[in-house]
Amino acid sequence: MYPLEVKALSKHFGGIRAIEEISFHTKDRTILSIIGPNGAGKTTLFNCLTGFMKPTRGSIIFSERDISGLSADKINRMGIARTFQNIRLFRDMTVLENVLVAQHTKIRSGLFSAITQLPLFKREERTIREKAYEYLELLGLETHVDKVSGSMPYGEQRKLEIARALATGASLLLFDEPTAGMNPQETSEMMRIIMNLRELGKTIILIEHDMRFVMGISDRIIVLDHGVKIAEGSPEEIKTNPMVIEAYLGKETH
Amino acid sequence: MNALSSIIKNPLLKPAFIALWLAFLLLPFRGVKAASVLFITLTIAIPAFKFLSGHLSSLVKQIHSSVERVRHYLPSDSRFLFLLLLPAAAIPLVAQGYIVDVTILSGIYIILALGLNVVVGFTGLLNLGFVAYYAIGAYSFALLNTKLGMGFWSAMPASVLITVIAGFLFAVPAVRLRGDYLALVTLGFGEIVHITLNNWDSLTKGPNGISGIAPPHILSFGLTSLNSFYYLVMFFVVIAIIVMRRIHASKIGRAWIALREDEIATSAMGINRTMYKLYSVAFGAFWAGLAGCLFASKMRFISPESFTFMESVLILCMVIVGGLGSIAGVIIGAVILVFLPEVLREVQLYRMLALGAGLVVLMIFRPQGLFGGKNVSIGS
Amino acid sequence: MFLQQLINGLTLGSVYALIALGYTMVYGILELINFAHGEIYMLGAYLGIILLGFFTAIGLTSYSLYLSLGITLLLTVIFCSSYGFTIEKIAYKPLRNAPRLSPLISAIGVSIFLQNYVMLTQGATDKVFPSLFGGAGFTVMSTRITYLQASIILVSAFMMIMLNAFILKTKTGKAMRAVAQDKVMASLLGINIDTIITITFIIGSGLAAVAGMMVAMYYGLVNYFIGYSAGIKAFTAAVLGGIGSVPGAMLGGILLGLVESLGAGYISSEYKDAYAFIILIIILLVKPEGLLGRSLEEKI
Amino acid sequence: MLRLERIHTFYGPIEAIRGVDLEIGKGEIVSLIGSNGAGKSTSLMTISGVLKPSSGKIFLNDTDITGLPPHRIVELGISQVPEGRRIFPKLTVFENLEMGHYLERGDLQSSFDMVFTLFPILGERKNQKGGTLSGGEQQMLAIARALMSNPDILLLDEPSLGLAPIMVSKIFRTVHDINRRGVTVLLVEQNAKAALKLSHRGYVLENGAVTLQGNSEDLLHNEKVRHAYLGE
């Protein structure tokens, strides 16, 4: 059984085939990278996997259930979390609050216990706070707890988004360009963080453009071009695949 | 053409041109004399204002720091916040009946504004028809009281329940809409309620309104005096503030704020956004219903006139002026907007004019409200 | 009875359509519900009365009624356009990059300001537009059509045809469409976005001015709060037709006028004002893109 | 002719370009290559005035044009074909082209003649709505529209994106044609090989900064260029 299995997934917008018949699967505790030129359909694929878009055809099997077409919040509660290409933090909230929101579904006490401040409510609030510190420590953000998240440097915001995805308790994490806009030091730190997450038992799929990063971190790589999967394999195989080189470096044009 | 535009853009002449333009706009409405007065006033006032604005910015800073200072004096430990109640509780003992009357009114508006703040300030859903819930609460209460003879303590929960159900039913289809469309639908809902109240003569007595509403009783003791009613309203205000603070610090409050900041990211956190928007609207309606009951039993008479669109705007202004999303800010906003026109009786005519202009100025220079600390913005 | 209500509805509808055009054009370009647009229409109604009164006082009206009506209309359009221009510069332009709801609240502020501005300068009581044509008219198939109704319908139709031609054929009109479709791209072609926005406000206000003056003549009475309900109804018309779509606004306006007039005639006239809101709510819930609009997708 | 000096620009919260220096001589085709997110599009949008640089200067023929609004930049003779073509879908092909001539730089008729010679298909489809064209035709329209303002400098952002190979080579041949008519071209491409073959010089952009520059021949044989793409 694979944690995630995608079968012949297609998404069309009007006449445009953003992704067409894509199939792949992940293995437990591995990092799968999706690469491909601009407009290849990578983010569309993520949006379908996380419920932000309804696929036109095909199925997505996650922990033995077809989740294609479920709403985004349901999919998250089943155990898939993601980050966004253009960072979607709760910008006016503090770092801690961002991670607290992410643990929303871990809390059972509702309106009544909150108003009456029942012991259950207090205990749960204390627990998620402690957990929040753990997640933030994992990402090296423990010194930023009370900062307003939108005011932090870009790299820290990316990390917080990962901490937040992690805090939802998901076992499958989807990162959309985790190193975009980062300098080389930050990038190598991000590499260390993501590898650490794999050690902690998470399964990871990421979209990335930094080839050194992708080649260094991935267990497997999928290459998309024009919405179609043109190659899949280990980093070594991908590097030498003529189709991939063509898609990236371009053809001779005469 | 170019010569003209260079004359207009000349920094020395620009104020005169602006003044001339605005005087021209006033001309048909008030005649040559008023237009010339406006022209002369503005020609002097605009450069003077520009000159002052350099100094003004330091003034603004001073206001900021004094706001900060007020905050500083406020007990930082929330356990001591109740100390603030002491001066409030003393008002009926030291002030005239008139002041108590206005304070009761501001208490009712505080509850209303806190309710709207949940919807607009926390959740970021602009509601332009909030007065509808207020009206439903007030009318349910009045009808239950006058037609069925139910007392305050039984009619009030029933009316609040009716309001919450109405809020919920209306919200089910509406919350799917985007920000400004939602605003328009809420406005439409407010108008429909208003029109219905005005025309459903057999039930609401139309524009004549419902009179003879009984005052509340505690045990057999009737709260007929202004002072006792004051404490009743105070009681509910305190309850409202406590509940708001606690909800705000719970997962529900966090989910609402998350929705305001980024809906997409909120659903990526496993939070059902439709559900939480519904909660928010229904919860806001709860307080509007309560305020409606208090209003009806205070006035002993209600008519559709109290529930117009302008009333919705006024409540919205309380929330915005004070500071969206900030409980203290909303309270201050409600008190200011109830007391200001009372204090400035002579200029009452200009109050709505100033309110309109004030909203524009506020949006341009301080969209987070006077006392909003964080840079809270609504919608996206 | 039916035909009579049809004519009444058509008259009312063509006025709504004229106002709706202003909403739809501004929304098409700025995605802003210009809440103050109804007040421009109200200003137009007032200006009609004020200016015509002025021309009567100086004797122009007795010299030639049509000349003074023409000049009044022209000046009303000029003043209302100036107001529209000024409102955009003061209340909306500084908020171009603000969150969506800030300009909407600013627009509500402008609306409140203008209502009270007119109330303070012109008084809170109704103003009367002198009855110039009485009830003169003609009868077709036992349906009475006054000359005024006929001219309202004709003038509105003329204005709409002109506007359509302007938007489809002229360079500025095409630029307006281009800006509505893609602002950044339009600016990359050398189109000054601010100028186009200004022109949009001026044209929209001018149309509302004509609507205002015609309604003042039609009903004979004007009040400082007529802009609010007319504005909401016209906005409903714009949404009904598909906000952002010019033909949609025309269609929506006329449909709404018909619904209101037939509803008042056959269902209940007391709830006449509620029909627009009910339609607005139903449309937004069932088909938010309107009859002729395009659907919008959430961006991720 | 066009010179960027130490340009820094933020795109949202990201400092997308961090100190870019570029120089484009009259009559040249210069390529700007680099992976996604390297800052190529941001550079073009900064030149066009859509994005304002946080620091640095842009000179056109030694005149400082930094911070001018986009319509002024077009007036000065710099046109851009942005990424994704961005044709007006509800305007006809002809109207799209008319919008290109909005500032009336140069003669309308000769502009039309030029673009219809370069792209005869557009003449055939001039009354069709822009949105009904195929991807390749849309790209032609986008280029034609930019040419309608008779620019001295043409900025092209990923003209090959999402096109079939045969269309890509056609577009690139046209760019060559346009250049021979005296238009200076700054070409942004991911399709590095094709772009460098076409151009005189090139710059490699990485992480918002120029890491490599030189004439195209040298860049094509540079190990680092391959490195920038496949991380070898």
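Just so we're on the same page: letters track the sequence lines, and every chain starts at 1.
Annotation: side chain of B:L22 is in contact with side chain of C:T86 (closest heavy-atom distance under 4.5 Å). Between B:Y350 and C:N116, every side-chain heavy-atom pair lies at or beyond the 4.5 Å cut-off. Within the 4.5 Å cutoff, side-chain heavy atoms of B:I195 are placed close to those of C:F277. Within the 4.5 Å cutoff, the side chain of B:L187 has no heavy atoms near those of the C:L280 side chain.
Taking CD from B:E191 and NZ from C:K233, the interatomic distance works out to 10.0 Å, rounded to the nearest 0.5 Å. For the atom pair C:Q115 CD and B:L353 CG, the distance stands at 11.0 Å (nearest 0.5 Å). Here the straight-line distance linking atom CZ of B:R30 with atom CD of C:Q122 works out to 7.5 Å at 0.5 Å rounding. Rounded to the nearest 0.5 Å, atoms CG (C:L95) and CD1 (B:I364) are 5.0 Å apart.
Listed here is the closest heavy atom pair of C:A91 and B:V360: CB-CG1, 3.8 Å. Across C:I281 and B:G188, no two heavy atoms sit closer than the pair CD1-C, 4.2 Å. Across all non-hydrogen atoms, the minimal contact from B:L25 to C:F79 is CD2-O, 4.4 Å.
Atom NZ of C:K93 sits in a sparse spot, with 12 or fewer heavy atoms from other residues, nucleotides or ligands closer than 6.0 Å.
Residue B:L182: no heavy atom, backbone or side chain, is found under 4.5 Å from chain C. Neither the backbone nor the side chain of B:A354 comes within less than 4.5 Å of any heavy atom of chain C. In this structure, the portions of B:V185 lying under 4.5 Å from any heavy atom of chain C include both its backbone and its side chain. Neither the backbone nor the side chain of C:L114 comes within less than 4.5 Å of any heavy atom in chain B.
When C:T236, C:L104, C:L120 are compared by the number of non-hydrogen pairs under 4.5 Å with chain B, C:L120 comes out ahead. Contacts with chain C were tallied for B:L184, B:L27, B:L128; B:L184 has the most, counting heavy-atom pairs under 4.5 Å. With chain B as the partner, the residue from C:L43, C:I232, C:I112, C:V110 showing the most heavy-atom pairs under 4.5 Å is C:I112. For the set B:L359, B:L26, B:N199, the entry with the most heavy-atom pairs within less than 4.5 Å of chain C is B:N199. Residue with the most contacts toward chain B among C:Y46, C:F113, C:Y92, C:F54: C:F113 (heavy-atom pairs, distance under 4.5 Å).
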(request) Output, in order, the C-alpha distance, side-chain angles, deciding distance and verdict of side chain to side chain contact (heavy atoms under 4.5 Å, CB included) for B:Y181 and C:I243. (result) CA-CA 11 Å; B:Y181 276 20; C:I243 193 134; 2.7 Å; yes
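Within the 6.0 Å centre-distance limit, the rings of C:Y117 and B:F29 are counted as a close aromatic pair. Here B:W21 and C:F85 bring their ring centres to under 6.0 angstrom of each other.
Using bins of under 30°, 30° to 60° and over 60° for the plane-to-plane angle, the ring pair B:F309/C:Y228 lands in the parallel bin.
Only one option out of C:T121, C:L47, C:L75 pairs with B:P28 in a side chain to side chain contact (heavy atoms under 4.5 Å, CB included); it is C:L47.
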